[in-house]
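Below: one structure, written as structure tokens.
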2 protein chains.
Amino acid sequence: VPREDVGAGWELSPEFSARSSHRLVPMLELDDGTLVGEAMAICRYFEALYPQPCLLGDNPKSIALIEMWERKSDFEGVQAVAEVFRNSVPAYAERALAGYDVPVPQIPALVERGKLRVQRFYDQLEQQLAQHEYLAADAFSMADITALCAVDFAKRVKLPIPSEHKHVQRWHGAVSARPSASA
Amino acid sequence: VPREDVGAGWELSPEFSARSSHRLVPMLELDDGTLVGEAMAICRYFEALYPQPCLLGDNPKSIALIEMWERKSDFEGVQAVAEVFRNSVPAYAERALAGYDVPVPQIPALVERGKLRVQRFYDQLEQQLAQHEYLAADAFSMADITALCAVDFAKRVKLPIPSEHKHVQRWHGAVSARPSASA
């Protein structure tokens, strides 16, 4: 599926809905026709097939810490920003939840609550990155990728990294400079 | 930590907050003092140490499908029910988000939106369980455990499995009957 078609709402089309009632992207179709949704499920599929470079950990402790920080970056980062975005942008006035086939009106009070969540997320990142080069450990991992998505998404809703969060700034510069970040 | 202490708000105590600004349970402390939060991170830690019985998959496809359905059961199940619960129960009037050290008022509109999300979650389960004995594949997995938690939590906010969702009823009876479900 061309990227532009997703921007245009392809994932809500009758053609896609008929195959996946979840109506969400990304969605990976395996050779046997199985549909795999959820970004992290797709990541785990490819990591299981191609274990190097290792992004999801290779021992119990690194596996646990990457999962911990990836989930936090998704729940408390990406989803918090999405809450601000979905409940404030006029284009989503009746589409405040992704993938629904009924109108879902925005809840303006969620914009303020979402901003509180994003602030807390930045505080958690700052505390962790004050002690570690990367989020989950001392090596780049999937947790950094999800957190980078959260931070870059936050900029779009005018919630950039607070200037006093020096460790988040340092980390953001480093992970953004990786060649894969501009792919 | 005794279970009752968590019920009494132990996780919000100054003692715990000083060690973990996340102020959330569950939290596992490793022998080296590392704190691992997020339930699934703790599960992955133990699965990496003790791979049998396998609950998180042992090939790329099962790993992906379990992750997909575990995330859906958490995001669209547990978290949707929590949204109804946290925004309606009087005891949480100023604690609508877990782990915060500032008052977070309830948003009543989230109760209705949460009910819509729970309904959709039941619909997704029904569609999947009409074709599979268990959620992620044809073997019991972590996805079933999280979905069981969501359904049992939903009962507490008076959102039981709809009577027409026969496959969810069948699955719920089967997974609830496992000895581990009453542990």
* Asked: Any chance the side chains of A/Trp171 and A/Asp144 put a donor and an acceptor closer than 3.5 Å?
  -> yes
* Asked: B/Leu110 versus chain A, heavy atoms under 4.5 Å apart: side chain, backbone, both or neither?
  -> both
* Name of the residue among B/Arg117, B/Lys115, B/Arg113 meeting side-chain hydrogen bond (donor to acceptor under 3.5 Å, both in side chains) with B/Glu83 -> B/Arg117
* To do: Anything in residues 123-136 of chain A with a heavy-atom distance to chain B below 4.5 Å? Please list those residues in order.
  => A/Gln124, A/Gln127
* To do: Evaluate side-chain contact (heavy atoms from CB on, under 4.5 Å) for B/Val36 paired with A/Leu65, printing each intermediate quantity in order.
  => CA-CA 6 Å; B/Val36 178; A/Leu65 290 176; 4.2 Å; yes
* **Atom CZ of B/Arg170 with >12 non-hydrogen neighbours under 6.0 angstrom** => yes
* Choice from A/Ile107, A/Thr34, A/Ile63, A/Ile42 maximising heavy atom contacts with chain B below 4.5 Å -> A/Ile107
* Would you mind checking which part of B/Arg44 comes under 4.5 Å of any heavy atom in chain A, side chain (CB onward), backbone (N, CA, C, O), both or neither? => both
* Which atom of A/Ser163 lies closest to which atom of A/Gln169, heavy atoms considered -> CA-NE2, 3.6 Å
* To do: Could you tell me whether A/Arg71 and A/Asp74 make a salt bridge, using a distance below 4.0 angstrom between a side-chain N and a carboxylate O?
  => no
* Asked: Looking at A/Tyr100, does the NZ or CZ of A/Arg95 lie under 6.0 angstrom from its six-membered ring centre and within 45 degrees of the ring axis?
  -> no
* Treat each ILVMFWY residue as a node, draw an edge where side-chain heavy atoms are under 4.5 Å apart, and state whether B/Val104 and A/Leu159 are in one component. => no
* B/Glu70, part contacting chain A, at a heavy-atom distance under 4.5 Å -> side chain
* Asked: Checking A/Gln79 against chain B: side chain, backbone, both or neither under 4.5 Å from a heavy atom?
  -> side chain
* Asked: Which atoms of B/Leu97 come close to chain A, meaning under 4.5 Å heavy atom to heavy atom: side chain ones, backbone ones, both, or neither?
  -> side chain
* Under 4.5 Å heavy-atom distance to chain B, tell me which part of A/Leu56 shows up: side chain, backbone, both or neither. => neither
* **Part of A/Glu112 lying under 4.5 Å from any heavy atom of chain B** => neither
* Any idea which of A/Ala48, A/Ala41, A/Ala39 has the most non-hydrogen atom pairs under 4.5 angstrom with chain B? -> A/Ala41
* Asked: Which pair of heavy atoms, one from A/Pro60 and one from B/Tyr45, lies closest together, and at what distance?
  -> O-CD1, 3.4 Å
* To do: Can you tell which part of B/Phe75 gets under 4.5 Å to a heavy atom of chain A, answering side chain, backbone, both or neither?
  => side chain
* Asked: Are A/Tyr122 and B/Leu24 co-members of a hydrophobic cluster defined by side-chain heavy atoms under 4.5 Å apart?
  -> no
* For each of A/Gly37, A/Cys43, A/Ala109, A/Gly57, tally heavy-atom pairs with chain B at distances under 4.5 Å, and name the one with the top tally. => A/Gly37
* **Atom CG of A/Asp31: over 12 foreign heavy atoms under 6.0 Å** => no
